[in-house]
Undergrad: 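I have a structure I would like to understand better, so I am pasting it below and will then ask my questions one at a time.
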Amino acid sequence: MTVEKPYVVQPAAGVYAYVQPDGGWCLNNAGWVCDGGQTLLVDTAATERRALALREAVLAAGAPLPRTVVNTHHHGDHTYGNAVFAPALIVGHDNARAEQLAAGHQLELIWPATDFGAIEITAPDLTYGDRLTLHVGETEVRVLHPGVAHTTGDSVVWLPGRRVVFTGDLVFAGGTPFLAMGSLAGSLRALELLRSLDAETVVPGHGPLTDPSAYESTERYLRYVAELAREGREKGLTPLETARGADLGEFAAWRESERLVANLHRAYAELAGEPEGAPLDIMAVLRDMTVMNGGTPILCHA
Ligand SMILES: [Zn+2]
């Protein structure tokens, strides 16, 4: 596997996105806002080494080290590097803190061969329920909770004066959405919130920078999963059987297409009346993704 080096894009004055190709499992995006001699960081990285590289990139761009870090959700690729930025204040949704503490060192269990380095689980110190506004110099940073979507504790980071939105994993550019810890219905509602912001630049949770057209393809995929789940469930098929018989069409080209079975598990749970975000058996979902992947366990790319 050849993995390119992370790179920095500046979509607007004082706004930087840190993209880690290829955007696959564990290779998330981060970014920062710098104004008035202050820096706010959005997300960290999955390994200590990658978080240190992110820290170097912030300094190399001439920004001071962040005073605040906003986590878009609890997943380790977005939060494992939090401790590298101590003593920055870590901000996240109420549920992101609870989920992060509950998940603990989950990535080491899923990917024991990956060298994560010294990871100290560092959950948000400051949590919020609905929305929160931070001010970085003159730049207004709105942190919005879209409801249960990719996880139960997602945050969207919206810079209205710059028309840039950091979506976290509500959007995967060129990758397959992943709903195992969130909600299908909630993910569709989250797209409505994103559309209402009228952003020019979309920094997705994984993959290259994009624009609001990414919401359309994400929505088509979510509706495709919903329809497959309805049909499969009517025929009495398991999520795995439904996934194996599915024609991915335009979505076959997206990375991590094996996530289809995970997303079907979520869609089935919702059709069965389970509350949005109700925990699934993640290890069983991972086993099914391994089957979808031709028997090869999914790999952490970090
Ligand atoms: Zn995630």
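Keep in mind it's a predicted model, so treat the numbers as computed, not measured. We count ligands from 1, going down the list as the structure has it; atoms in each ligand are counted the same way.
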Undergrad: May I have all residue pairs that pass ring pair (Phe, Tyr, Trp, His ring centres under 6.0 Å) and include part of residues 268-297, sequence neighbours excluded?
TA: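 For residues 268-297: none.
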
Undergrad: For the metal site, I want the angle between atom ND1 of His75 and atom NE2 of His73 with the Zn ion (ligand 1) at the apex, to 10°.
TA: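 The two atoms form an angle at the metal of about 90°.
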
Undergrad: Near the Zn ion (ligand 1), is there an N/O/S atom from His78 that is less than 2.8 Å away?
TA: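 His78 does not place any N, O or S atom closer than 2.8 Å to the Zn ion (ligand 1).
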
Undergrad: What N/O/S atom of Asp169 is the closest to the Zn ion (ligand 1)?
TA: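 It is OD2, the N, O or S atom of Asp169 closest to the Zn ion (ligand 1).
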
Undergrad: List the residues meeting side chain to side chain contact (heavy atoms under 4.5 Å, CB included) with Ala12, not counting sequence neighbours, and say none if there are none.
TA: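 With sequence neighbours excluded, Ala12 shows a side chain to side chain contact (heavy atoms under 4.5 Å, CB included) to Val15, Arg162, Val164, given in chain and number order.
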
Undergrad: Is the ring pair Tyr18/Trp32 parallel, tilted or perpendicular, if the boundaries are 30 and 60 degrees?
TA: tilted

Undergrad: Any side-chain donor paired with an acceptor under 3.5 Å for Asp154 and His93?
TA: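 Looking only at side-chain atoms, His93 and Asp154 do not form any donor-acceptor pair under 3.5 Å.
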
